[in-house]
Amino acid sequence: MKVKYIILLLLCICTSVAAQDNINKRETNHKHHHQEDSTDVFFRHLQLNELTVTGVTGDTKLKHATAPVSIVTPQLLQATPSTNIIDAIAHQPGVSQLTTGGSISKPIIRGLGYNRVVVMSEGVRQEGQQWGDEHGVEVDGSSVNSVEILKGPASLMYGSDAMAGVVILHAQPTLAEGEMRANVSSEYHTNNGLFHYFLQMAGNQKGFVWDARYSDKMAHAYKNKFDGYVPGSQFRERAGRLMLGVNKTWGHSRLTWTAYHLTPSIIEGERDPKTGELVCSSVSPKSYSKSLPFQQVKHYKLVWDNSLNLSSGYLKAIIGYQQNRRQEYEESMDEYGLFLKLQTLTYDLRYVTNEWNGWKFSTGIGGMYQQSDNKGDEYLIPDSHLFDFGLYLTATKSLGERWTLNGGVRYDHRRLHGFELIEEGEQRFTDFSRHFNGFTGSIGTVFNVNDNLNLRLNLARGFRTPNMSELASNGVHEGSLRYEKGNQHLKAEYSLQADLGLDFTSRYVSAQLAIFANYINNYIFAHRVEEVIDPDYLTYVYTQGDARLLGFEIGVDLHPIHSIHFSNTFSYVDAQLTSYVIPLTSDIKYLPFTPAPKWTSELKWELFHHTHSTVSSHAVHEYRHAHPKNGFALNNLYVAAGLDCYLRQTHIYRADDTETETPGYALLSLSAGTDIMFHSKKVVEFYISADNLLNKAYQNHLSRLKYADENIVTGRRGVYNMGRNITFKVVVPIRL
């Protein structure tokens with residue numbers, strides 16, 4: 001298998017070298033060409049390099065970012081069919097998702113997830129008991145305009161937990177002075193009957209800005225070729241957002257309120273002992289009503305975002321309050337068993353200087369206070385408090401037109417306190433406190449060899465404290481189907497990661513290569529013990545050892561002729577324990593739940609494309625000339641075919657039947673989209689896509705449903721992922 005990866009790498013390097021030899025011959029022609037042809041890949045790459053990213057040390061041009069950053073544009077988000085926001089970005093190289101049905105997805109970056117990935121939304125950390133397998137990201141995808149994915153330790157800017165990386169969900173920017181706009185959109189999925197509609201209105205009048213949104217989504221059970229309809233996979237999601245603020249020459253001040261309600265039924269995967277079929281729930285497969293067991297998740301957020309422009313830079317202050325309420329209903333529609341209530345107050349104050357003599361500095365302080373309470377009759381973790389703060393300083397230096405250096409240092413302090421609980425005369429949780437101090441930093445450089453080639457090198461130290469589940473859990477974790485016990489003696493995790501990147505772009509080909517090596521001390525994971533606490537569940541205890549993760553992402557985009565490009569990406573990570581309290585064997589050699597190697601490929605043909613709001617391309621004018629009576633035209637019309645290939649995953653944590661191997665599979669997709677214009681104005685956007693076109697029955701290696709009950713008739717274990725699904729989406733922009 002490794003030989004194949006090496007061959008693929010050599011082919012990509014050879015392609016880049018061959019293209020480099022022809023740059024000088026094309027340079028003059030290219031400069032004239034890309035000003036006129038908006039579909040040219042090189043032109044679009046130049047635009048992308050001019051984007052400003054915020055996930056690194058302050059606001060930075062993408063081409064000057066030393067750490068690896070991926071950007072998911074608004075156009076790509078709009079055209080990607082998904083059931084949640086993490087599902088929408090999971091096709092990015094180096095990014096995967098841990099799923100439970102269609103409504104719950106957790107981001108995995110380069111083999112690491114849970115509390116090792118920080119999700120930023122509305123400018124603050126998204127906090128919602130993310131340590132749980134079945135705890136997704138409680139953010140409405142309709143309110144996300146674009147996404148930054150920072151791959152690698154980002155503790156310098158975000159403190160504890162940002163060891164694997166950061167997912168930054170950006171809301172739509174405020175409109176220009178005097179503008180008012182509205183949007184109405186709707187989509188439908190054929191497999192699970194998902195129906196979604198979204199309403200939005202925003203404006204800017206004399207510096208007073210506002211943005212109001214409402215989203216409603218519902219789906220019945222999904223189906224696949226082996227299982228038929230999967231009981232318990234239906235869900236309902238409703239969300240709202242209201243932003244009010246002022247934009248002035250001195251800066252801005254904005255207050256944003258969001259509410260998110262998700263009611264997912266729980267897929268238990270129980271089967272009839274005679275037929276092997278999934279046991280039907282109390283509702284029909286095509287019912288949108290919830291069925292037992294189910295969860296009720298509510299997340300509320302209030303964020304005050306302020307920015308003050310100064311002569312030497314700007315001062316930014318963000319204060320956020322979040323409340324997460326998670327209830328599980330098992331026996332009755334009206335009585336919950338588990339009820340976790342989490343309240344979080346976050347604060348962030350930073351000062352960023354203007355560039356002076358090639359130097360740019362930023363410094364700040366940030367942290368949070370959390371209170372977690374049990375309000376139900378079942379317990380997994382104790383009531384707890386958390387307080388932390390971090391101080392950091394970063395610096396960026398431009399050396400001429402070619403070199404950029406940046407780096408920084410940070411200090412973090414975190415205190416956790418768990419409270420005692422006596423249940424029926426026995427001690428369930430003990431009273432304890434833990435203090436953690438962390439010193440982190442990073443240093444990196446970018447060398448812009450020329451306008452076509454960039455080289456990146458970055459070295460970063462990450463830091464993560466154990467969460468309350470790892471320290472003090474003592475109960476049945478329904479999401480993991482096991483009894484979990486914490487370990488109050490766990491140490492903080494530290495990582496050291498090196499990244500090497502190469503970006504090359506020419507008129508006919510662009511290529512990216514990112515190689516990383518990540519070494520983690522005190523890596524925390526759960527392992528099985530012989531102790532029996534609940535006879536219906538196996539017992540797992542948290543422990544730790546040292547680990548290392550090696551891997552790469554590579555991408556090649558070929559643009560041989562006008563309006564056609566062929567893009568390919570390949571992602572691979574190898575994650576292993578390097579030391580443990582017992583001798584390492586083949587059963588415990590690999591870290592659990594490492595994503596399978598992934599190759600994605602897309603062939604896209606852009607028939608009519610223009611980047612401006614008016615329709616002026618020759619092709620579109622020809623179309624309008626052919627239809628003079630109705631005045632309609634098409635813009636941004638494309639058709640695409642995609643192939644997602646997941647290789648066989650044999651690098652698994654075999655001990656205690658924690659994981660099983662997953663065979664490889666390939667999924668074919670087709671998609672198309674266009675803007676419909678009337679008198680040079682866009683009146684509607686239309687998208688259609690067909691995923692898993694061949695109705696392949698498969699199980700993703702990171703699907704938790706893979707380990708449900710075995711079908712005694714077929715011998716297949718677990719529940720399979722969704723079968724063929726066709727999505728229709730319509731967006732109607734309204735200019736007021």
Side-chain angles (χ1 to χ4, degrees), residues 16 20 23 27 42-71 73 93-94 110 146 148-158 162 165-166 168 170 312-314 316 350-364 392-410 440-462 496-506 510-518 552-555:
S16 299
Q20 175 68 39
I23 288 177
E27 186 172 2
F42 186 79
F43 177 64
R44 289 202 304 247
H45 180 77
L46 288 178
Q47 288 184 315
L48 192 65
N49 265 338
E50 290 304 311
L51 291 175
T52 299
V53 296
T54 61
V56 290
T57 53
D59 296 343
T60 305
K61 294 292 185 182
L62 180 60
K63 65 181 179 180
H64 295 151
T66 61
V69 181
S70 292
I71 294 180
T73 63
R110 291 178 166 177
S146 64
E148 284 179 43
I149 305 170
L150 178 58
K151 291 175 275 191
S155 298
L156 176 62
M157 292 292 291
Y158 300 96
V166 182
I168 305 175
H170 290 293
S312 58
Y314 66 89
K316 192 172 184 65
R350 68 181 63 180
Y351 170 65
V352 180
T353 69
N354 296 326
E355 186 171 334
W356 175 78
N357 197 26
W359 285 96
K360 187 176 182 180
F361 296 92
S362 67
T363 183
Y392 66 89
L393 173 67
T394 71
T396 301
K397 172 63 175 175
S398 298
L399 302 175
E401 297 295 327
R402 299 299 184 189
W403 286 92
T404 302
L405 304 176
N406 69 38
V409 292
R410 180 183 178 108
T440 55
S442 72
I443 185 169
T445 183
V446 176
F447 177 40
N448 303 127
V449 181
N450 50 45
D451 291 339
N452 310 93
L453 182 63
N454 297 328
L455 297 176
R456 309 172 191 272
L457 179 63
N458 195 70
L459 186 66
R461 179 175 170 86
L496 183 64
Q497 178 164 320
D499 283 276
L500 175 64
L502 179 149
D503 302 325
F504 173 79
T505 303
S506 71
S510 62
Q512 300 82 37
L513 172 65
I515 304 173
F516 67 91
N518 189 8
F552 64 89
E553 298 103 38
I554 191 166

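Along the sequence shown, residues are numbered consecutively beginning with 1.
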Could you tell me which non-hydrogen atom of [X] sits nearest to which non-hydrogen atom of [Y], and how far apart they are?
{"X": "L150", "Y": "A67", "result": "CD1-CB, 3.7 Å"}
{"X": "L156", "Y": "S442", "result": "CD2-OG, 3.3 Å"}
{"X": "V446", "Y": "A65", "result": "CG2-O, 3.4 Å"}
{"X": "N354", "Y": "G313", "result": "ND2-N, 3.3 Å"}
{"X": "N458", "Y": "G444", "result": "OD1-CA, 3.5 Å"}
{"X": "S510", "Y": "T505", "result": "CB-OG1, 3.7 Å"}

When rounded to the nearest 0.5 angstrom, what distance separates [atom1] in [X] from [atom2] in [Y]?
{"X": "I515", "Y": "F552", "atom1": "CD1", "atom2": "CZ", "result": "8.0 Å"}
{"X": "S398", "Y": "L405", "atom1": "OG", "atom2": "CG", "result": "8.5 Å"}
{"X": "I149", "Y": "R110", "atom1": "CD1", "atom2": "CZ", "result": "11.0 Å"}
{"X": "R410", "Y": "M157", "atom1": "CZ", "atom2": "CE", "result": "8.5 Å"}

Do the side-chain N and O atoms of T396 and N406 include a donor-acceptor pair separated by under 3.5 angstrom?
no
For S146 and T73, test the side chains for any donor-to-acceptor distance below 3.5 angstrom and give the result as yes or no.
no
Within the 4.5 Å heavy-atom criterion, are [X] and [Y] side-chain neighbours or not?
{"X": "N518", "Y": "L496", "answer": "no"}
{"X": "R461", "Y": "Q497", "answer": "no"}
{"X": "E553", "Y": "F516", "answer": "yes"}
{"X": "H170", "Y": "E148", "answer": "yes"}
{"X": "T353", "Y": "S312", "answer": "no"}

When you measure from the side chain of [X] to the backbone of [Y], do you find a donor-acceptor pair of N or O atoms at a distance under 3.5 Å?
{"X": "K397", "Y": "W403", "result": "no"}
{"X": "T363", "Y": "Y351", "result": "no"}
{"X": "N450", "Y": "N452", "result": "yes"}
{"X": "R456", "Y": "T445", "result": "no"}

Quick check on side chain to side chain donor-acceptor pair (under 3.5 Å): which of D503, N448, T404 does N454 satisfy it with?
N448
Count the heavy atoms of every other residue, nucleotide or ligand shown that sit under 6.0 Å from CD1 of I443, and state whether that count exceeds 12.
no
